[in-house]
Amino acid sequence: MPIVSRLDEARQHIRRVICDFLTQEGHAGLEEFVRLDVPTEQGHGDLTTSFALKVASRTKMAPRQLLDRLIAAWPGLESVESLEAAGPGFLNFTLNTAWLAAVVPAVLAEPETYGNSEFGRRKRVLLEYVSANPTGPMVVVSGRAAAVGDTLARTMAAAGFEVKREFYVNDAGNQIATFGWALALRLKQLAGETVEWPEKVYPGQYVVDLAQEYQALHPEVDPKTLAEDQYAELGAWAAERMRKSHEAVLREFRVTFDQWFSERSLREAGAPEAVVERLRQRGSIVERDGAQWFTSTQYGDDKDRVMVKSDGSFTYFVPDAAYHATKFDRGFDYVIDLLGPDHHGYVSRMRAVVEALGYPPERLEILIVQLVRLLRGQELVRMSKRGGTFVALEDLIEDAGVDPARFFLLERAPETPMDFDLNLATLKGSDNPVYYVQYAGARIHSILRQWRASGDAGVPLDVSLLTEPEEKDLLVLTARFPEVVVRVAEERAPQHLPKFLTELASAFHTFYRQHRILDAPPKVRQARLALIEAVLATSTRGLDLMGISQPEEM
RNA sequence: GCGCCCGUAGCUCAGUGGAUAGAGCGCCUGACUACGAAUCAGGAGGCCUUAGGUUCAAAUCCUAACGGGCGCACCA
């Protein structure tokens with residue numbers, strides 16, 4: 001793996017020394033046990049390893065004894081100031097602060113791209129997320145998938161992957177006809193007709209708005225004459241209208257896509273027929289009870305799945321299968337789907353069809369983004385598009401603001417179900433940690449502004465003057481950022497970003513309270529200004545990966 | 001009944017097989033005549049749901065209970 005950060009560089013120096021030592025001691029082949037971790041606690045150095053404990057059973061040597069030999073033979077490294085055995089067999093390293101401080105000029109050389117790496121080796125990734133049905137407004141739950149998907153896309157791109165983002169639009173099939181039906185009924189109501197409302201037709205108020213819009217655009221259409229054979233066409237109009245509104249709301253939420261992939265376009269191109277035919281040729285289709293079944297149980301699914309119903313129409317699964325076939329045909333190395341928990345029953349059949357079509361199933365990665373449960377006080381707010389009750393993402397953005405909403409949604413691991421109270425206190429109030437992070441940045445902006453206004457020409461930069469413990473904490477964190485980016489990308493775990501940024505902001509606030517910057521002697525001032533500028537660049541970049549702004553004043 | 005996710009501080013949640021399990025909020029005590037107090041320093045608060053197992057070492061891995069959520073259609 002290529003070196004991604006200054007901290008990682010130290011890690012690899014140390015690792016090489018330890019591996020060489022083990023080889024000299026006659027214990028070659030234990031490299032996999034030599035891992036350098038960032039300790040969870042203060043007082044355990046800057047990097048720590050427990051390799052001595054892990055290899056004890058193979059080397060037949062007590063961990064502490066092995067470490068004593070290693071320390072005696074330690075060659076000295078520029079990056080390492082000191083090392084110490086501790087506990088039952090840990091080895092803790094304190095890094096050389098001056099060596100670490102080289103991260104500052106490195107960040108300042110390219111502040112906009114700090115954190116980027118070639119970890120992903122330009123592998124091509126297709127991320128599909130949100131893909132909400134265009135039969136109603138975007139709800140809060142989709143906002144979570146949007147925030148997670150967008151942040152993964154940004155972060156994976158920073159980590160050196162070639163990322164494409166797609167939203168799959170279910171703009172065909174029964175639900176669109178049903179949607180058209182709802183629109184027709186609303187049009188009839190607007191025309192003064194009394195209509196009976198069937199249970200399965202979307203009752204939401206937004207359909208009335210659509211009806212009024214439609215009426216204005218098409219005054220020539222007489223609602224009273226609308227009949228069932230026109231529902232599909234009405235539905236298509238309404239679905240495209242909703243899709244555009246999804247696009248607008250998501251753009252406001254700072255979420256964009258490279259492509260809005262239309263199910264209808266797949267159907268028009270005959271892709272569903274083609275995919276069924278391909279499965280048939282591979283012997284994965286059988287006829288039973290007048291329907292055509294995909295024998296997905298051969299590929300680990302719990303039951304076979306109907307592809308072509310006995311009335312000759314496709315199940316919704318067929319276009320989805322065809323869509324996934326296009327993903328692989330387009331040559332992506334990784335195909336990642338973010339799905340809601342209501343689709344988890346769908347994972348094994350999707351995997352099955354990918355395998356049955358002859359694609360490597362391990363390249364399909366399905367992440368389940370869990371629910372956001374909305375509470376009003378103690379009471380659970382039930383959300384149902386069909387039932388007509390929901391909270392729109394639009395309202396959330398308006399009430400809370402994009403920055404607080406995104407930070408909140410990204411703080412939790414995607415697979416953790418989360419609750420939040422609709423009074424939004426924790427979301428938009430000043431206790432939202434997003435302000436803590438942004439405030440640190442605003443403070444730095446303020447200091448830099450004052451320095452620039454002072455007209456001070458400055459002195460040559462010497463970062464070796466950064467020797468205070470609070471300065472070192474900032475250096476270590478700044479040096480670590482690129483591997484945080486890698487970790488988020490690799491584990492598909494966006495929550496590490498807000499966690500890291502909170503830690504960085506905390507370290508800055510502590511430093512700021514403890515030490516003077518502008519009032520320090522010129523050389524120290526110069527070094528500290530460079531340090532905080534690097535911290536600001538790091539924090540701003542981290543927020544940017546989360547789609548969150550860094551205000552210069554607040 | 002079967003499957004997936006989750007049970008960690010009062011609340012919302014982090015936690016990479018490692019050391020004394022962390023953060024934010026809330027609660028208590030302190031700190032601005034100094035670059036922004038949306039801040040800082042400190043404190044209280046834990047049987048990591050339970051019971052077994054693997055391991056030198058388990059919140060983490062395995063098994064089984066229990067509790068919560070969500071799925072389980074020739075619906076999408």
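Lettering follows sequence order; numbering is per chain, from 1.
At a threshold of 4.0 angstrom between heavy atoms, the contacts of A:Lys54 include nucleobase atoms, whether or not backbone atoms are also involved. Using a 4.0 Å heavy-atom cutoff across all strands shown, A:His445 reaches no nucleic acid atom at all. Contact annotation for A:His44: base contact, defined as any heavy-atom pair under 4.0 Å involving a base atom. Counting non-hydrogen atoms under 4.0 angstrom, A:Asn170 reaches nothing in the nucleic acid. Contacts of A:Thr48 with the nucleic acid, taken as non-hydrogen atoms under 4.0 Å apart, include base atoms.
Legend: residues meeting side chain to side chain donor-acceptor pair (under 3.5 Å) with A:Glu552, ordered by chain and number and at least two apart, are absent.
Nearest to the side chain of A:Ser50, among B:A19, B:G18, B:G36, sits B:G18. Residue A:Arg412 has its side chain nearest to B:A14 when only B:U16, B:A14, B:C70 are considered. Candidate nucleotides B:C35, B:G3, B:G15 were compared by shortest atom distance to the side chain of A:Tyr512, and B:C35 ranks first. Of the listed nucleotides (B:G18, B:A14, B:U20), B:A14 has the atom at the smallest distance from the side chain of A:Lys499. Distances from the side chain of A:Asn133 to the nucleotides B:A76, B:C35, B:A41 place B:A76 closest.
Between A:Arg64 and A:Asp68 no salt bridge is recorded (no basic side-chain N to carboxylate O distance below 4.0 Å). The residues A:Lys472 and A:Asp46 are annotated as salt-bridged, a charged nitrogen and a carboxylate oxygen being separated by less than 4.0 angstrom. Between A:Glu483 and A:Arg480, none of the side-chain N atoms (NZ, or NE/NH1/NH2) sits under 4.0 Å from a carboxylate O, so this pair counts as no salt bridge. Comment: A:Arg525 engages A:Asp456 in a salt bridge, judged by a side-chain N to carboxylate O separation of less than 4.0 angstrom. Salt bridge annotation for A:Glu263-A:Arg267: present, with a cationic side-chain nitrogen under 4.0 angstrom from a carboxylate oxygen.
Rounded to the nearest Å, the gap between the C1' atom of B:G68 and that of B:A73 is 26 Å. Comparing the P positions of B:U8 and B:A14 gives an interatomic distance of 10 Å, to the nearest angstrom. Separation of the C1' atoms belonging to B:A23 and B:G15 is 10 Å when rounded to the nearest angstrom. Distance noted for atom P between B:U50 and B:G67: 15 Å (whole Å). Nucleotides B:G18 and B:A59 have their C1' atoms positioned 13 Å apart, rounded to a whole Å. Distance noted for atom C1' between B:U49 and B:C66: 7 Å (whole Å). Nucleotides B:G7 and B:U60 have their C1' atoms positioned 14 Å apart, rounded to a whole Å. Nucleotides B:G43 and B:C61 have their C1' atoms positioned 37 Å apart, rounded to a whole Å.
Using the Watson-Crick or G-U wobble rule with both distances under 3.5 Å, B:C32 pairs with nothing in any strand shown.
Between the side chain of A:Thr315 and the base of B:C74, no donor-acceptor pair under 3.5 Å is found. Contact annotation: side chain of A:Asp320 to base of B:A76, donor-acceptor pair absent below 3.5 Å. A donor-acceptor contact under 3.5 Å is formed by the side chain of A:Tyr316 with the base of B:A76.
At least one side-chain nitrogen or oxygen of A:Gln450 sits closer than 4.0 Å to the OP1 or OP2 atom of B:G36.
In this structure, A:Tyr436 forms no aromatic stack with the base of B:A38, since the conditions of centre separation below 5.5 Å and plane angle below 30° are not both met.
Base orientation of B:C32: syn (glycosidic angle within 90° of 0).
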